[in-house]
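The block underneath contains the structure these notes are about, expressed in structure tokens.
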Amino acid sequence: MRPRASESLGSMANETQKAGGIHFPFPFTPYSIQKDFMAELYRVLDAGKIGIFESPTGTGKSLSLICGALSWLRDFEQKKREEEARLLETGTGPLRHEKDESPCLSSSCEVAAGTPRPAGEPAWVTEFVQKKEERDLVDRLKAEQARRRQREERLQQLQHRAQLKYAAKRLRQEQEETENLLRLSREMLETGPVAERLEQLESGEEELVLAEYESDEEKKAVSRVDEDEDDLEEEHVTKVYYCSRTHSQLAQFVHEVKKSPFGKDVRLVSLGSRQNLCVNEDVKSLGSVQLINDRCVDMQRSRHEKKKGAEEEKPKRRRPEKQAACPFYNHEQMGLLRDEALAEVKDIEQLLALGKEARACPYYGSRLAIPAAQLVVLPYQMLLHAATRQAAGIRLQDQVVIIDEAHNLIDTITGMHSVEVSGSQLCQAYSQLLQYMERYSKRLKAKNLMYLKQILYLLEKFVAMLGGNIKQNPNTQSLSQTGTELKTINDFLFQSQIDNINLFKVQRYCEKSMVSRKLFGFTERYGAVLSSREQPKLAGFQQFLQSLQPKATEVPADESPATALRPASPLMHIEGFLAALTTANQDGRVILSRQGSLSQSSLKFLLLNPAVHFAQVVKECRAVVIAGGTMQPVSDFRQQLLACAGVEPERVVEFSCGHVIPPDNILPLVICSGISSQPLEFTFQKRELPQMMDEAGRILCNLCGVVPGGVVCFFPSYEYLRQVHTHWEKGGLLDRLAARKKIFQEPKSTHQVEQVLLAYSRCIQGCGQERGRVTGALLLSVVGGKMSEGINFSDNLGRSPELQEKMAYLDQTLPRAPGQAPPGKALVENLCMKAVNQSIGRAIRHQRDFASIVLLDQRYARPPVLAKLPAWIQARVEVKAAFGPAIAAVQKFHREKAASF
């Protein structure tokens with residue numbers, strides 16, 4: 001029998017481990033660093049702090065996060081129950097502060113006893129008010145307990161309800177068939193006069209016409225979840241939101257939860273996008289994320305409009321609705337799916353399979369499970385984007401957020417809110433919208449026409465800012481000026497003559513009217529096949545659209561045709577740019593890139609201050625944990641993200657644990673000069689010199705001669721890798737390397753990475769067994785590429801206007817510490833070291849692993865740079881001024897390891 005919900009984390013039968021006076025259930029005896037990690041995590045959550053946690057790959061970070069966070073949640077719930085019992089037993093008692101020993105009992109209990117009273121108030125009045133507040137508190141506690149009992153009873157009935165599921169399913173199918181027959185009968189009676197009135201539109205075209213716009217009075221359809229159901233407003237229990245970058249990482253985390261001592265007791269729900277969770281094949285086949293979202297929301301809106309129309313006593317005669325409601329949006333079935341998801345830990349794939357079996361929407365069903373869940377697993381893009389967070393029903397108030405794999409958190413937030421639109425997209429959207437408005441102008445209400453004209457005006461002015469003409473083909477338009485120009489948001493709005501338009505209202509109109517969704521349907525219909533009577537009117541439109549489509553030869557060779565997605569309407573993309581222009585002037589810039597032709601030119605919004613989007617998270621949450629295998633340098637998180645979000649320095653806690661490997665299993669070396677005693681400094685100005693590339697090749701040849709098995713060599717960029725490879729090939733160095741190691745190169749295409757890694761691994765294993773002249777494999781990789789999971793640090797990053805502006809922004813915004821580099825310069829150095837650290841992190845993968853790590857550049861020997869290496873590396877780094885002692889140390893290290901293994 002499943003334990004009661006209130007006891008689900010407090011009745012663990014597993015053997016526990018004690019750390020820092022706290023008992024942590026753990027599936028095996030943890031490493032000492034795992035005990036330290038869990039104890040520090042517990043303290044951060046209990047004190048309501050912001051924690052930056054670093055735990056190298058192979059140290060069991062996920063399991064430490066699970067057992068540490070859920071142990072705290074177990075104790076928090078226990079304290080809450082004890083406090084409730086005490087107050088209910090005495091019928092009175094003061095409410096303690098949320099950071100005291102006992103937690104605040106409910107978000108509704110915010111009128112704390114002891115609220116300051118007006119001076120001179122009689123004592124009997126103060127006593128009366130205090131007793132009334134205490135009675136009200138007890139009444140709220142009783143009501144809260146009643147709600148919890150109802151939730152517990154529902155969770156205890158899950159298994160019984162699952163047994164009845166199929167019988168109920170058959171009954172519902174019969175009811176649906178009956179309702180369908182009645183609906184068809186009603187439609188047959190109503191089709192006469194309406195069909196005559198709408199005869200001028202073709203079949204299926206009615207759904208393309210914009211509905212009457214109700215402005216601000218209409219609620220956002222995207223955030224609506226069947227308001228007629230009572231239990232959708234269920235109170236949110238205290239929970240942990242766990243976020244990571246990808247669905248595969250989240251699935252791996254869920255599997256770790258299953259294996260943990262909490263696996264059979266915790267109420268967990270996995271969240272995902274519609275693209276990942278949709279079970280309606282007609283919708284999923286649209287391919288594009290935006291199209292899937294819009295079609296889903298459109299179907300929910302259709303459902304609500306039908307329900308509203310059915311409730312009216314004398315509904316007005318209106319156009320027949322062609323868009324059917326989604327058959328998987330069945331509240332009763334979604335309720336069953338919600339209960340089953342909470343009854344047993346499931347990942348995204350299992351949730352998807354359950355939805356298909358039950359014919360219930362996993363996307364909305366998982367959202368229904370959020371209030372009662374104790375652990376919510378989701379991609380961190382869903383949590384970090386405010387509108388997406390609101391649409392998913394995520395409430396962060398007094399909750400705990402753990403962001404894992406957070407080494408690129410700043411870049412992720414910046415990327416999510418930075419948008420670029422091309423001249424081709426602007427012209428295409430203008431042409432589509434103009435033809436749409438001309439086609440349906442007699443059927444559109446005045447407010448719709450007004451907003452469509454405003455959007456057309458905006459598009460025209462955007463193209464004019466690039467120096468082009470919106471009414472001409474962008475591919476054939478040559479711009480008189482080329483280059484890059486950067487403007488503040490206010491300057492861009494003023495110079496483009498759109499400062500008189502309320503972009504907030506235009507943005508809301510685009511969201512609520514779903515104009516881009518209608519426009520896409522219109523373009524799909526008339527951009528390819530036109531009826532004979534419409535051919536003269538739309539022939540130019542069709543020809544223009546075809547001229548803007550990319551040619552077949554332009555498709556990247558490494559992209560599989562089977563995985564290509566259908567393109568969304570360009571207006572969908574432009575809506576993101578319009579939303580970005582509503583950002584505060586000081587927090588963003590607009591970059592005008594003129595590249596000769598209008599189609600290749602673009603407007604880009606650059607977010608300078610990611611903290612504006614992170615501030616609400618840290619403000620609402622009880623505690624936030626930012627974790628990763630490599631978090632150094634942490635100054636970026638402290639300054640760019642937390643300080644700018646208004647977090648006090650004393651609220652931030654840093655924790656970096658060591659590695660599980662023995663200290664002598666790694667040999668990190670900094671080599672300052674090469675074989676010919678030439679100083680090694682691969683700056684942008686020097687690294688392309690022939691002597692520098694030759695020196696790097698000779699060093700690599702020597703290392704490949706003494707290192708058995710595999711060697712991975714990281715280059716700053718794909719372009720530099722190509723240059724060096726060509727140079728080595730011409731000079732014969734590549735042949736010398738190939739004589740000792742089989743050479744592999746990192747592919748640019750993501751789907752080829754696993755294939756290359758597999759071949760690299762097999763080569764090493766084969767060479768180890770054959771013991772021939774070739775002793776292993778050499779993988780030429782890229783810092784920040786596919787292999788290292790770092791940032792994409794290109795050659796031109798340091799000279800790009802984006803980075804130059806970000807540096808200037810930080811220099812103006814952040815204080816400069818005495819003796820430290822300016823914040824802008826520190827940003828570039830931190831970007832480089834963050835990518836280097838991600839590459840280093842690939843060297844050690846498990847407890848018995850060993851590796852030598854060679855840093856070829858004398859700049860690594862500088863103390864400020866060494867301080868930005870991971871802590872477990874810093875303590876072991878040896879700086880070698882000359883190459884001779886360095887190669888001797890590498891040879892000795894691998895000889896000893898070969899003897900011990």
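Residues His613 and Leu384 have side chains not in contact (no heavy-atom distance under 4.5 Å, counting atoms from C-beta outward). In this structure, Lys880 and Leu669 have side chains that are in contact, with non-hydrogen atoms separated by less than 4.5 Å. Taking 4.5 Å as the limit, some side-chain heavy atom of Leu396 sits within range of a side-chain heavy atom of Leu383. At least one side-chain heavy atom of Asp404 sits under 4.5 Å from a side-chain heavy atom of Lys61. Residues Val890 and Asn702 form no side-chain contact, since every pair of their non-hydrogen atoms from C-beta on lies 4.5 Å or further apart. At a threshold of 4.5 Å between non-hydrogen side-chain atoms, the residues Glu54 and Gln632 count as touching. No side-chain heavy atom of Arg43 sits under 4.5 Å from any side-chain heavy atom of Lys49. For the pair Leu45 and Val625, the minimum side-chain heavy-atom distance is below 4.5 Å.
Crowding of Gln252 atom CD: a count of heavy atoms from other residues, nucleotides or ligands under 6.0 Å not exceeding 12.
Taken to the nearest 0.5 Å, the OH atom of Tyr860 stands 12.5 Å off from the NZ atom of Lys868. Between Leu721 atom CG and Leu780 atom CG the span is 5.5 Å, to the nearest 0.5 Å. Note that the CG atom of Leu641 and the CZ atom of Phe614 stand 5.0 Å from one another [nearest 0.5 Å]. How far CD of Glu420 is from CZ of Phe605: 13.0 Å, rounded to the nearest 0.5 Å. Here the CG atom belonging to Leu642 is positioned 11.0 Å from the CG atom belonging to Asp636, to the nearest 0.5 angstrom. Separation of atoms CD1 (Ile873) and CD1 (Ile666) is listed at 4.0 Å; rounding is to 0.5 Å.
Judged purely by atom type and a 3.5 angstrom limit, Trp728 uses its side chain to pair as donor or acceptor with the backbone of Met693. Gln874 places a side-chain N or O within donor-acceptor distance of the main-chain N or O of Ala867, the cut-off being under 3.5 Å.
At a cut-off of 3.5 Å, with distance as the only test, a side-chain donor of Glu695 or Ser676 sits close to an acceptor on the other residue. A side-chain donor from one of Tyr718 and Glu746 sits under 3.5 Å from a side-chain acceptor of the other. Side-chain polar atoms of Gln595 and Ser593 form a donor-acceptor pair below 3.5 angstrom.
Just one of Val670, Ile853, Leu855 meets the side-chain contact (heavy atoms from CB on, under 4.5 Å) condition when paired with Val877; it is Val670.
Ring pair His417/His385 is parallel by interplanar angle, where below 30° counts as parallel and above 60° as perpendicular.
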message: The test is side chain to side chain contact (heavy atoms under 4.5 Å, CB included); show your working for Phe744 and Leu757 and say whether it passes.
response: CA-CA 9 Å; Phe744 296 85; Leu757 286 178; over 6 Å; no

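Between Phe53 and Phe655, the gap from one ring centroid to the other is short of 6.0 Å.
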